[in-house]
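I have placed the structure first, in the form of structure tokens, so that the comments after it can refer back to it.
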Amino acid sequence: MNAEAHLAEIFGFNAFRPGQREIVEVVAKGHDVLAIMPTGGGKSLCYQLPALLRDGVTLVISPLIALMRDQVRALREAGVEAGALTSHNSEAESEAVFKALHEGRLKLLYLAPERLASVAARDMLRRAAISLIAVDEAHCVSQWGHDFRPDYLRIGDLRRALDVPLAAFTATADAETRAEIIARLFDGREPEIFIQGFDRPNIHLAFEAKNGPRRQILAFADARRGRAGIVYCATRAKTETLARALSEEGHPACAYHGGMEADQRRTVEARFQQEDGLIVVATVAFGMGVDKPDIRWVAHVDLPKSIEAYYQEIGRAGRDGAPAETLTLFGADDIRLRRAQIDESLAPPERRTADHARLNALLGLAEAQTCRRQVLLRYFGEESGPCGNCDNCERPPEVFDGTTAVRKALSAILRTGECFGAGHLIDILIGNETEKVRARGHDRLPTFGVGKEHGRAEWQAIFRQMMGHDLVRPDPERHGALRMTEAARPILRGEAAITLRKDALRKAAQRRPAAKALVNEEDAPLLSALKAKRRALAERAGLPAYMIFNDRTLIEMAEARPATPDEMMKITGVGAKKLESYGADFLEVINGAVPPEQHPARRRLAGREAGSLYDRLAEAQLRLARGGDGLQKPMSCSASLLARVAETRPRDEAAMLRILGERRAERFGAAFMEILREFD
Ligand code: ADP
Ligand code: ZN
């Protein structure tokens, strides 16, 4: 079978995602490869499929045990011989893996990197017929990255010892990490490099100024009831209060943070993976271990720490390619917090400067006045048109010339010696005679009361946007006091103008965030019914729901409404094994009746041309059961015999005779040959 046939038969996909075909081809050919693909781009297929095309075993090294076990289960569900050796294995599980390896049945062997430290494991690998090494999350070899795994440094030795090609995969694209991967995994010998675009068009992007975060998040979650989501918070305490608030509103929700016991955390991970619509309220500790393809939304109660972190965190949504939504809240306090974290970190000064720049990039995205995706992708070096799938595209923000307001604010900052925070500065601008204002004599400043045209809330939004544009920064030495930056100087001098968002000035309470429907109204009830069926099957099998079929597959079923196994086989995500296991159940939901039982030999051909060929042959055979004149002794071909003809397509009478045998060839041979010619 070729790559395309495997793609449809085993994985049930009708088409490759961007980049997959090229990568699969060269990996299957045995070239060294480094592929950089965004999360959800479909990296695993790029080594799983070549593993099936190549002789021998593909060794997969992956940093997370839960993910490995998950992939192995999913592969087995698709009828592929795969096994994992990890510290979580039971004796019997490991035994079964060794047996399959020994008998030459195993196609994919997943191995935790820790195993590479053991001599016994290395010997075992040397004796096994390993023909390819695939390294998932290859950036874990980078000592400077936050996911560094010392055991990854052993992979280079292993490759040298086994002398087989190596394919490395990661979503981290920066040049330093790439160079380190090449140095450590490939001994500096350049592999073929593939870089896939960063865009995740199915993820809706939205930001909102923070004003009542609890209410904002509850409303967002409420509009998405029943859909799996993650809420990211900056602090552990907040995860717990918010999880409780969501539970009180009747959502299945739990908290997750680094301070929890390891097994508590594992329970949450497992529940999230297994259940259909759980909400996890988490710190960023809930991260790399999350491989659920059907996360429908990600919300940030607090601003992430950089644009990279933002991209990674929202990227966990919608890996199945079906629509997913995000909402990021941000306010002046977030900016202060993130700035302070950078200033207080022990990193060298140039690192801190870079971190401020990364935060600035995110703030630029938060305050963006045009398509957010364009801004995001431009940061990663990609140009694109307006996306139509972000809040700014849907409702272009109203803007106003903020130059005068900003100059008034800067003047208040400078005249008070850059010693005060936004609250006090606003009091001065709107002419509010507080005790502090009077005590410092600030009511006698020329700026006192010059900003009465805006209310307090409006000024807060202006200050936030000034921080967002990095015109002012909280001074780390002086507790939140705002300092003017170089970037503000041209505005102060009247050499540059600035446009600010007006909508951020209005109270943001107006809109209730409406959820995007996954399917149109007529298909919605069917989608719910399909989901209910999936849940029941998943519970019975003890599998995560998405492993039966993911959301994207159910959506396609609800829209296309396949009536037969052949049509069902055309749905993305339905492969031969899944059709066999679950096809009838879902066809029954869609068509309200149990589909007529098919012979297994015919079912195997579902969705392929050989299937229709089979049907034509079966028709002809029925017609000729008593011969052309209807007077002969009844005779028939078995289903597997018909399937063999349909699959092998004998070229001539002689070949047909070899398959059918003399008596049957005499009765059916000519008619069958005629049908075969039509299919040529
Ligand atoms: P990554 O590791 O790159 O984040 P995965 O390999 O986990 O992504 O794939 C993400 C999701 O996309 C999975 O649910 C997978 O089944 C699905 N997928 C991968 N390739 C295809 C394809 N060609 N067509 C449809 N779905 C695909
Ligand atoms: Zn857009």
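What you see is a predicted model; the values in this text were computed from it and never measured. Remember, it's 1-based here, ligands and their atoms both numbered in the order they're listed. Just so you know, residue 1 is the first one in the sequence shown, and it goes up from there.
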Using atom types as modelled, flag every donor-acceptor pair under 3.5 Å from a side chain in residues 535-547 to any protein atom, sequence neighbours excluded.
residue: R535; atom: NE; partner: D276; partner atom: OD2; Å: 3.4
residue: Y546; atom: OH; partner: D70; partner atom: OD2; Å: 2.4
residue: Y546; atom: OH; partner: Q273; partner atom: NE2; Å: 2.8

Electrostatic pair D147-R149, nearest N-O below 4.0 angstrom: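 Not counted as a salt bridge, because no side-chain N and carboxylate O are separated by less than 4.0 Å.
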
Which residue, T326, I314, L327, I279, forms the side chain to side chain contact (heavy atoms under 4.5 Å, CB included) with W297? I279

Side chain, backbone, both or neither: which applies to [X] and ligand 1 if a contact is any heavy-atom pair less than 4.0 Å apart?
X    : result
F16  : backbone
Q20  : side chain
A171 : neither

contact_flag C46 ligand 1 heavy-atom lt 4.0 Å: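 No, C46 has no heavy atoms under 4.0 Å from ligand 1.
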
Does G573 reach ligand 1, in the sense of a heavy atom lying below 4.0 Å from it? no

What residues form a side chain to side chain contact (heavy atoms under 4.5 Å, CB included) with T267, not counting sequence neighbours?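 Scan of T267 (side chain to side chain contact (heavy atoms under 4.5 Å, CB included), adjacent residues dropped) gives none.
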
Just checking, any donor-acceptor pair under 3.5 angstrom between side chains of E367 and H469?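 No, H469 and E367 have no side-chain donor paired with an acceptor closer than 3.5 Å.
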
Does an N or O from R319, backbone or side chain, lie closer than 3.5 Å to an N or O of ligand 1? yes

Kindly state each residue pair satisfying salt bridge (Lys or Arg N to Asp or Glu O under 4.0 Å) with at least one member in residues 370-383, sequence neighbours excluded. D199-R373, R372-D391, R378-E383

Which residues and atoms, protein N, O or S only, are under 2.8 Å from the Zn ion (ligand 2)? C371 SG, C387 SG, C390 SG, C393 SG

